[in-house]
Amino acid sequence: MSGGRRPLPASRTSEAVRPKKRLVDAADGRLPVWDGGGQLLRKAFPEHWSFLLGELALYSLIVLVVKGVWLTFFFQREMREVVYQGRYVPMRGIRMSQAFDSTLRISLDVRGGLLIRQMHHWRATSSAFPKDT
């Protein structure tokens, strides 16, 4: 063998590999990575259809929270009276609270604001008052 290392005897390689193999096997038993996570995904997403309802509720709650956080960037909750000077012409010059003024600005001036406000409103209403069947 020219220029390379000599291979270790079989007894020395198995001794060096054995603790690593045990560590990998223990980690794979806790979080099955070697089978592509199939076992883990079966635990996270059961096959019975009724679990879908819980997942939908969780995902819609997450979307509701994200939309609520987005809306808080634009909303001002002050009750100080202001004169409306926004884009909606029929309401110009009317005295209103700054909170209502900021709600109108979210709806009319912020791109996609009315859509986000309505989605947030209807999702919060439907989760707060479930229908009786």
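Numbers for residues simply follow the sequence, beginning at 1. The shown structure was predicted, so the numbers you read here are calculated from the model rather than taken from an experiment.
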Participant: What is the distance from atom CZ of F100 to atom CZ of F75, rounded to the nearest 0.5 Å?
Facilitator: 11.0 Å
Participant: Give a yes or no on whether F74 atom CZ has more than 12 heavy-atom contacts from other residues, nucleotides or ligands under 6.0 Å away.
Facilitator: yes
Participant: Which pair of non-hydrogen atoms, one from R87 and one from L108, has the smallest distance, and what is that distance?
Facilitator: NH1-O, 2.8 Å
Participant: Under 4.5 Å between side-chain heavy atoms, counting indirect links through other Ile/Leu/Val/Met/Phe/Trp/Tyr residues: same cluster for L104 and V83 or not?
Facilitator: no
Participant: Rounded at 0.5 Å granularity, tell me how far OG1 in T103 sits from CG in L71.
Facilitator: 9.5 Å
Participant: Write down the atom of Q98, the atom of E78, and the distance for their closest heavy-atom approach.
Facilitator: OE1-OE1, 3.1 Å
Participant: Kindly say whether S97 contributes a backbone atom to a donor-acceptor pair with the side chain of R80 at under 3.5 angstrom?
Facilitator: no
Participant: How many angstroms lie between atom OH of Y88 and atom CD1 of I94, to the nearest 0.5 angstrom?
Facilitator: 9.0 Å
Participant: Nearest 0.5 angstrom please: E81 CD to M79 CE, how far?
Facilitator: 8.5 Å
Participant: Would V69 and V63 show up in the same hydrophobic cluster when neighbours are defined by side-chain heavy atoms closer than 4.5 Å?
Facilitator: no
Participant: If you take all heavy atoms of Y84 and M96, which pair is closest and at what distance?
Facilitator: CB-CE, 3.5 Å
Participant: Should L64 and Y59 count as side-chain neighbours, where that means a heavy-atom distance under 4.5 Å?
Facilitator: no
Participant: Backbone N or O of Q76 within a donor-acceptor pair of the S102 side chain at under 3.5 Å?
Facilitator: yes
Participant: Looking only at non-hydrogen atoms, find the nearest pair between R117 and S107 and report the distance.
Facilitator: NH1-OG, 2.5 Å
Participant: Got a second to check how far S60's OG is from K67's NZ, nearest 0.5 Å?
Facilitator: 8.5 Å
Participant: Hey, could you give me the NE2/CD1 distance between H120 and I106, rounded to the nearest 0.5 Å?
Facilitator: 10.0 Å
